[in-house]
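Reviewing the structure listed below.
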Amino acid sequence: QAQLVESGGGLVQPGGSLRLSCVASGSFSSINAMGWYRQAPGNQRELVARIPSGGSTNYADSVKGRFTISTDNAKNTVYLQMNSLKPEDTAIYYCNVLVQRGLGPQRYIYWGQGTQVTVSS
């Protein structure tokens, strides 16, 4: 019932910056939370940042002070501003959304296809 499209990934040098975007569309009635996860080769997918609707943000300790998550509710879009990038930030970054359908209290989770971020000299 929802589709997520990520963009903004690419190759950047250590210390550089990137801004990821994720646009949600579909038949959902509301968005309760949006977030970003990442997965490097050989590693499990891990939380990077998450922002509930009207709530406080959550960040992984490894990115605090460097990454900022934000939303544009009118556009159903979540952003991840990444500054002071390090080689260990290299991974595929996935958008995640928690949505509701109609008037029911049920919630559903959807994932984007991922966008590659590579930090290298």
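Residue pairs meeting the ring pair (Phe, Tyr, Trp, His ring centres under 6.0 Å) criterion with at least one member in residues 38-97: none, sequence neighbours excluded. For residues 80-91, the set of pairs meeting the salt bridge (Lys or Arg N to Asp or Glu O under 4.0 Å) definition, not counting sequence neighbours, comprises Arg38-Asp89, Arg66-Asp89. Sorted by first then second residue, the disulfide bond (SG atoms under 2.5 Å apart) pairs that include residues 1-97, not counting sequence neighbours, are Cys22-Cys95. The list of side-chain hydrogen bond (donor to acceptor under 3.5 Å, both in side chains) pairs with a residue in residues 111-121, not counting sequence neighbours, reads Gln116-Thr118. Residue pairs meeting the salt bridge (Lys or Arg N to Asp or Glu O under 4.0 Å) criterion with at least one partner in residues 94-120, sequence neighbours excluded, are absent.
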Mind listing the side-chain donor-acceptor pairs of residues 23-31 below 3.5 Å, one per line with the distance, residues two or more places apart or on another chain?
residue, atom, partner, partner atom, Å
Ser27, OG, Gln1, OE1, 2.1
Ser29, OG, Gln100, O, 3.1
Ser29, OG, Gly102, N, 3.3
Ser29, OG, Gly102, O, 2.9
Ser30, OG, Gln100, OE1, 3.2

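Considering only residues two or more places apart in sequence or on other chains, Asp61 meets the side-chain hydrogen bond (donor to acceptor under 3.5 Å, both in side chains) condition with Lys64. For Asn83, the side-chain hydrogen bond (donor to acceptor under 3.5 Å, both in side chains) partners are Ser17, Gln81, not counting sequence neighbours.
Side-chain heavy atoms closer than 4.5 Å link hydrophobic residues (I, L, V, M, F, W, Y) into clusters, and following such links, possibly through other members, connects Leu18 to Val63. Under a hydrophobic-cluster definition in which Ile, Leu, Val, Met, Phe, Trp and Tyr are linked whenever side-chain heavy atoms come within less than 4.5 Å, directly or via other members, Val78 and Tyr110 are assigned to the same cluster. No single ILVMFWY cluster, assembled from side-chain heavy atoms under 4.5 Å apart, contains both Leu11 and Ile92. Hydrophobic clustering of Ile, Leu, Val, Met, Phe, Trp and Tyr side chains at less than 4.5 Å, counting indirect connections, unites Tyr108 with Leu4.
The shortest side-chain heavy-atom distance between Val99 and Asn32 does not fall under the 4.5 Å cut-off.
Residue Ile51 holds its CD1 atom at 6.0 Å from CD1 of Ile69, rounded to the nearest 0.5 Å.
Closest non-hydrogen pair, Met82 versus Leu85, comes out as CB-CD2, 3.8 Å.
Distance alone, capped at 3.5 Å, places no donor-acceptor pair between the Ser21 side chain and the Ser7 backbone.
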